[in-house]
Amino acid sequence: MDLPRIFTIRESSHRIHNPFTAGKLATLGQALDLTPGTRVLDLACGTGEMLCTWARDHGVTGTGVDISTVFTEKARARAAELGVRDQVAFVHDDASGYVAEEPVDLAACIGATWIGGGVAGTAELLGRSLRPGGLMLIGEPYWLRDVPDQETAVNCGAGAKEDFLLLPELVGQFGELGYDVVEMVLASQDSWDRYQAAQWLNLRRWLDVHPDDELAAEVRAELTTEPVRYTRYQRENLGWGVFALMGR
């Protein structure tokens, strides 16, 4: 049980595995007015930057769950680096079936709603770990404009145009699921660029060191096509944000 190697190669230098900068992650923590001792569950936590920095800055405690052995090891190292090992723990497990043993104050899935088969399923999964009156965080892409055709949708990472919604429709979907949207922090074009472009440098550096690896051809193909795909399709059409929800 692990992520394919290409994922960890592509994002090997990333501390945040979505189009958020450290500044935006800090803004989100400040906006939520987190208090010391807040218990957090972070599903598909990646390398644990949210939990670790919020433990340092706000005194939260909690657990991160991720399917990648590479990412969970890096998360534990980050917790040690920031001096918060006694506040946070990281579990190598399939987040799609993970429920906390005891209810938490904040349950999050930041940019990995495939673990629940989409927004609705992920909200249901997170709700199983959340105490009554607790806070839910969901990170999700949305269309910046009406997508002109299927080719554009596919090149933005969607199977079809219907896979993502325009921002007002996404916010409306949360309401239809029975949640109030109480905060949001959205990615900017610059934070998208930092997330995507850093992947290209990671790929090139890995390829220079591992030219004979079995993945070399796949990495070369991705490095050749991804900058054009991103700048032609995704950069102008796809947004992303984290939405804070409370049940009605």
Side-chain angles (χ1 to χ4, degrees), residues 2-29 42 44-54 56 64 66-82 90 92 95 109-114 139-142 144 151-158 164 185-242:
D2 212 332
L3 278 179
R5 285 176 64 212
I6 188 66
F7 284 86
T8 53
I9 293 169
R10 185 186 295 129
E11 300 195 12
S12 58
S13 71
H14 290 54
R15 283 184 171 165
I16 301 171
H17 301 275
N18 51 59
F20 250 24
T21 60
K24 285 189 175 290
L25 188 60
T27 294
L28 178 61
D42 187 9
C45 67
T47 49
E49 191 70 3
M50 185 179 80
L51 260 180
C52 290
T53 56
W54 286 3
R56 178 196 62 191
D66 202 274
I67 200 171
S68 169
T69 54
V70 172
F71 287 169
T72 51
E73 288 173 6
K74 286 187 174 183
R76 293 179 189 122
R78 183 63 167 156
E81 178 185 358
L82 297 185
F90 294 97
H92 173 237
C109 177
I110 307 300
T113 55
W114 57 81
E140 180 71 359
Y142 57 86
L144 295 173
E151 178 183 3
T152 300
V154 169
N155 278 284
C156 289
F164 302 141
V185 178
L186 305 181
S188 65
Q189 195 168 77
D190 180 67
S191 59
W192 262 116
D193 290 348
R194 299 282 41 79
Y195 173 59
Q196 294 287 159
Q199 296 178 14
W200 311 335
L201 185 57
N202 290 338
L203 292 170
R204 177 53 195 261
R205 284 176 169 167
W206 182 90
L207 192 61
D208 287 347
V209 175
H210 304 91
D212 300 319
D213 190 276
E214 63 182 3
L215 284 182
E218 180 179 352
V219 170
R220 165 41 60 195
E222 185 169 320
L223 181 58
T224 301
T225 59
E226 277 301 290
V228 174
R229 182 203 61 79
Y230 171 68
T231 53
R232 177 170 293 163
Y233 296 101
Q234 185 173 324
R235 195 171 189 267
E236 301 298 326
N237 289 288
L238 196 64
W240 190 89
V242 179

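Heavy-atom basis, side chains included; hydrogens, waters and symmetry copies ignored.
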Heavy-atom pair of closest approach, residues [X] and [Y]:
X      : Y      : result
Cys45  : Phe90  : SG-CD2, 3.8 Å
Ala95  : Ala44  : CB-N, 3.6 Å
Leu186 : Tyr142 : CD1-OH, 3.5 Å
Asn237 : Cys156 : CB-SG, 4.0 Å
Tyr195 : Pro19  : CB-CA, 3.7 Å

Would you indicate whether the side-chain heavy atoms of [Y] and [X] approach each other to under 4.5 Å?
X      : Y      : answer
Trp54  : Leu25  : yes
Lys74  : Arg15  : no
Arg220 : Leu207 : yes
Phe7   : His17  : no

>> Check this for me: does any side-chain nitrogen of one of Arg76 and Glu73 sit under 4.0 Å from a carboxylate oxygen of the other?
In response: no
> Is a salt bridge present between Asp213 and Arg5, judged by a nitrogen-to-oxygen distance below 4.0 Å?
Replying inline: yes
Rounded to the nearest 0.5 Å, what separates atom [atom1] in [X] from atom [atom2] in [Y]?
X      : Y      : atom1 : atom2 : value
Arg204 : Leu201 : CZ    : CG    : 9.5 Å
Asn202 : Glu11  : CG    : CD    : 8.5 Å
Leu223 : Trp206 : CG    : CH2   : 11.5 Å
Trp200 : Thr224 : CH2   : OG1   : 12.5 Å
Asp66  : Leu3   : CG    : CG    : 6.0 Å
Glu226 : Tyr230 : CD    : OH    : 11.0 Å

> For residues 185-200, which residue pairs qualify under salt bridge (charged side-chain N to carboxylate O under 4.0 Å, His left out), counting only residues two or more places apart or in two chains?
Replying inline: Asp193-Arg235
Taking only residues two or more places apart in sequence, or in another chain, which ones meet [X] in a side-chain contact (heavy atoms from CB on, under 4.5 Å)?
X      : result
Thr8   : Ser68, Val70, Phe71
Leu82  : Cys52, Thr53, Arg56, Arg78, Val84
Pro141 : Phe164, Leu238, Trp240
Glu218 : Ile6, Leu215

> Taking only residues two or more places apart in sequence, or in another chain, which ones meet Ser188 in a side-chain hydrogen bond (donor to acceptor under 3.5 Å, both in side chains)?
Replying inline: Ser191
> Can Gln199 and His14 be said to form a side chain to side chain contact (heavy atoms under 4.5 Å, CB included), step by step?
Replying inline: CA-CA 8 Å; Gln199 296 178 14; His14 290 54; 3.7 Å; yes
